[in-house]
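Structure, as structure tokens:
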Amino acid sequence: KAQLMDISILKRKVDVEKEVMIVKDGQVEGKVTPKVGTAGSAATKTSGGIDFQMGIPISSSNPEDLTAFLTQQPHDKTMCKNLRGRVGRWVHDLEYAAKAQYNNPLQVYAGKAERLFEPSVLNPYRKPTTYRYEDTLYPSCTPELFNVEGFCEVMGEMEMPRMMFVGDSLTFQFSQSVWKLLGNDSDPGRDDLGTWTKQIACPVGSVYDEITFTFVRNDQLNDVSEGTSFGTPNCFDYCYPWVTEYQSNPARTLLVFNTGAHRYKHPLMQNDIKQFLELLDSIDRPATNDESVKKDVFLFRSTVPGHKECEKMNIEPYGSYDEYIRFWTDKYSWNNFAGYNDFVDRKIEDRKSILRANPNSGFKDIEILDVFPMTVLRPDGHASSMDCGGDGCGRKDCLHYSLPGPPDWWTHLMYSQLKDMAELEKREKKEDADTKAR
């Protein structure tokens, strides 16, 4: 899978209707010709789902000419949406660490390591919070740090006063990260609550005074009429109603969702995704049917595995995907997760191809929030890592993370992707206005 390979063997795709070179270890292996849809974007897929959208073709077959091409920076920042977070490294940075701390530790499961941590002159911050992610192949695409001012601004630009997270316990951790990075002292909700709604207070002068933020626990992304109580699973884990909540507010909504981490076989996970996509397409909302109202934004967060060696002393981020693969494990079917993500990526790309050919197909347009490549490099900072009280807090949990920690970069990645999407919407609006003025 390309997502698990070092950059020297990643396959790259050019967004033009010309031959695309397949490069391995600096040598040209072969060529493919992408199919180009009506919107002009290539429809063929690279193995592993990494979709490099470049703006210019390769004009030479001489391998010596490829280095500059493969390492050139995107001439348009919005191209980063398809590149960001795919190939990079984690860098120890105390200056970043000072910005990464929450105002107050979470008072629930994910905050225990932080609550037990005792800072010192030599170690002012819990070590897993001291690593900054940076894109190495495309440095200009490195995620921007999430903050309440920037978030409220981009949500205002997109005319989107509502955000909703639906998914499993890792999605809950994602929502906790968002809430705390907004500067809130309180927790957004307890571990045993299946759903909650909060209001994000925006700075004075923002388009919106508040943005509604909702989380719903639903591991299967299915439609249920009632929830359950903690300790009493009602699906393969916990499934609370989310469809009626989603439909209850006609405002344009950012819907972030995920499933897969608690599914241990490909057919089960694939069936969940197929059923979810059918359900999502069937949901009737003004924001999806009224052409005068902007359509909702849908982000599928890729599924991340745990790390079997998370309990080792003095563990640090991996330096490459090759290093991660050396510790590849079938524990809890974590070795299946790259395949899970590849399946989702292909399903979504197939839908996009149909949408390009027929915008009235009825499919919702979904984007991938690909946190997998950056997160698999982080075996440290898990809930049972040694930074939690020096003994892993007595836990056995190498899937979830302590917070603050690596999931905060999911939040930074989401924010950066939203900024790109807002810029693209702005351009489309201007192009439409220019067309009508002619």
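Arg356 has a carboxylate O that lies under 4.0 Å from a charged side-chain N of Glu349, or vice versa, which qualifies the two as a salt bridge. With respect to Arg346 and Asp342, a salt bridge is recorded, a charged nitrogen being found less than 4.0 Å from a carboxylate O. Between Asp93 and Arg132 a salt bridge is recorded (basic side-chain N to carboxylate O distance below 4.0 Å). Salt-bridge formation is not detected for the pair Lys419/Glu153: no Lys NZ or Arg NE/NH1/NH2 atom is positioned less than 4.0 Å from an Asp or Glu carboxylate oxygen.
The main-chain N or O of Ala97 is found under 3.5 Å from a side-chain atom of Gln101 such that the two form a donor-acceptor pair. Side-chain N or O atoms of Ser333 include one that pairs as donor or acceptor with a backbone N or O of Tyr264 at under 3.5 Å. Although no hydrogens or angles enter the test, the distance criterion places a donor-acceptor pair under 3.5 Å between the side chain of Thr142 and the main chain of Asp135. Between the side chain of Ser384 and the backbone N or O of Cys393 there is no donor-acceptor pair closer than 3.5 Å. Side-chain atoms of Asp408 come within 3.5 Å of backbone N or O of Gly405 as a donor-acceptor pair. Side-chain N or O atoms of Lys364 include one that pairs as donor or acceptor with a backbone N or O of Asp281 at under 3.5 Å. Side chain of Asn218 to main chain of Asn222: a donor-acceptor pair is present (N/O by atom type, distance under 3.5 Å, no hydrogens or angles). No side-chain donor-acceptor contact under 3.5 Å links Asp397 to the backbone of Ala383. A distance-only check finds a donor-acceptor pair linking the side chain of Gln107 to the backbone of Pro105 [under 3.5 Å]. Checked by atom type and distance alone, the side chain of Asn184 pairs as donor or acceptor with a backbone atom of Trp179 at under 3.5 Å.
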Original post:
Would Tyr208 and Met160 count as a side chain to side chain contact (heavy atoms under 4.5 Å, CB included) if you check the C-alpha gap in whole Å, the side-chain angles of each, and the deciding distance to 0.1 Å?
Top reply: CA-CA 9 Å; Tyr208 301 114; Met160 192 159 57; 5.7 Å; no
**OP:** Step by step, work out the side-chain hydrogen bond (donor to acceptor under 3.5 Å, both in side chains) result for Thr253 and Arg162.
**Re:** CA-CA 5 Å; Thr253 299; Arg162 185 186 185 214; 3.1 Å; yes
Subject >> salt bridge (charged side-chain N to carboxylate O under 4.0 Å, His left out) between Arg252 and Glu425, worked out >> reply: CA-CA 14 Å; Arg252 191 185 195 195; Glu425 286 189 358; 2.6 Å; yes
**OP:** Given side chain to side chain contact (heavy atoms under 4.5 Å, CB included), test Val166 with Glu245 step by step and report yes or no.
**Re:** CA-CA 11 Å; Val166 181; Glu245 177 66 29; over 6 Å; no
**OP:** Take Tyr131 and Asp380 through the side-chain hydrogen bond (donor to acceptor under 3.5 Å, both in side chains) test and state the conclusion after the steps.
**Re:** CA-CA 10 Å; Tyr131 294 102; Asp380 60 313; 5.4 Å; no
Subject >> side chain to side chain contact (heavy atoms under 4.5 Å, CB included) assessment of Leu254 paired with Met414 >> reply: CA-CA 11 Å; Leu254 167 63; Met414 178 187 72; 4.3 Å; yes
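The line from CG of Asp187 to CG of Asn104 is 9.0 Å long, rounded to the nearest 0.5 Å. To the nearest 0.5 Å, the span separating SG on Cys398 from NZ on Lys312 amounts to 10.5 Å. Atom OG1 of Thr411 is separated from atom CG of Leu145 by 11.0 Å, given to the nearest 0.5 angstrom. Phe372 contributes atom CZ, which lies 12.0 Å from atom CZ of Arg301 (distance to the nearest 0.5 angstrom). Atom CD of Glu311 is separated from atom OG of Ser385 by 7.5 Å, given to the nearest 0.5 angstrom. A distance of 9.5 Å separates SG in Cys310 from CG in Leu399, rounded to the nearest 0.5 Å.
Taking all atoms of both residues into account, the shortest heavy-atom contact from Tyr240 to Gly227 is CD2-CA, 3.6 Å. Between Phe174 and Val256, the shortest heavy-atom contact is CE2-CG1, 3.9 Å. In terms of heavy-atom proximity, Ala113 sits nearest to Asp387 at CB-OD2, 3.8 Å.
A side chain to side chain contact (heavy atoms under 4.5 Å, CB included) with Met163 holds for exactly one of Val178, Leu255, Leu418, Val297; it is Val178.
Remark: Ser175 engages Phe165, Phe172, Trp196, Phe213, Phe215 in a side chain to side chain contact (heavy atoms under 4.5 Å, CB included) (not counting sequence neighbours). Checked against side chain to side chain donor-acceptor pair (under 3.5 Å), His262 has the following partners two or more places apart in sequence or in another chain: Asp219. Shown here are the ring-ring contact (aromatic ring centres under 6.0 Å, His included) partners of Tyr102, two or more places apart in sequence or in another chain: there are none. Under the rule for a side chain to side chain contact (heavy atoms under 4.5 Å, CB included), the partners of Glu149 that lie at least two apart in sequence or sit in another chain are Asn147, Pro203. Legend: residues meeting side chain to side chain donor-acceptor pair (under 3.5 Å) with Glu157, ordered by chain and number and at least two apart, are absent. Tyr332 meets the side chain to side chain donor-acceptor pair (under 3.5 Å) test with no other residue; sequence neighbours excluded. In this structure Phe300 satisfies the ring-ring contact (aromatic ring centres under 6.0 Å, His included) test together with Phe257, sequence neighbours excluded. With sequence neighbours left out, Asp365 forms a side chain to side chain donor-acceptor pair (under 3.5 Å) with Lys352. A search for side chain to side chain contact (heavy atoms under 4.5 Å, CB included) contacts involving Thr375 returns Val304, Val371, Tyr401, Trp410, not counting sequence neighbours.
Identified under the salt bridge (charged side-chain N to carboxylate O under 4.0 Å, His left out) test for residues 258-274, with sequence neighbours left out: Arg263-Asp272. Residue pairs meeting the salt bridge (charged side-chain N to carboxylate O under 4.0 Å, His left out) criterion with at least one partner in residues 99-116, sequence neighbours excluded, are Glu114-Arg126.
In this structure, Tyr340 has its ring center no closer than 6.0 Å to that of Phe343. For an aromatic pair to be called close, the ring centres must be under 6.0 Å apart, and Tyr96 with Trp90 fails this. Here the two rings, on Phe151 and Tyr415, have centers that are 6.0 Å apart or farther.
Classified by interplanar angle (parallel below 30°, tilted 30° to 60°, perpendicular above 60°), the ring pair Tyr246/Trp242 is tilted.
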Can you give me every donor-acceptor pair (side chain of residues 231-238, partner residue at least two apart or in another chain, under 3.5 Å) with its distance?
residue	atom	partner	partner atom	Å
Asn234	OD1	Cys239	N	2.8
Asn234	ND2	Cys239	O	2.8
Tyr238	OH	Gly231	N	2.8

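For the pair Arg190 and Phe230, the cation-pi criterion (under 6.0 Å, within 45° of the ring axis) is not fulfilled.
More than 12 heavy atoms of other residues, nucleotides or ligands lie within 6.0 Å of CD in Gln199, so this atom counts as buried by the packing criterion.
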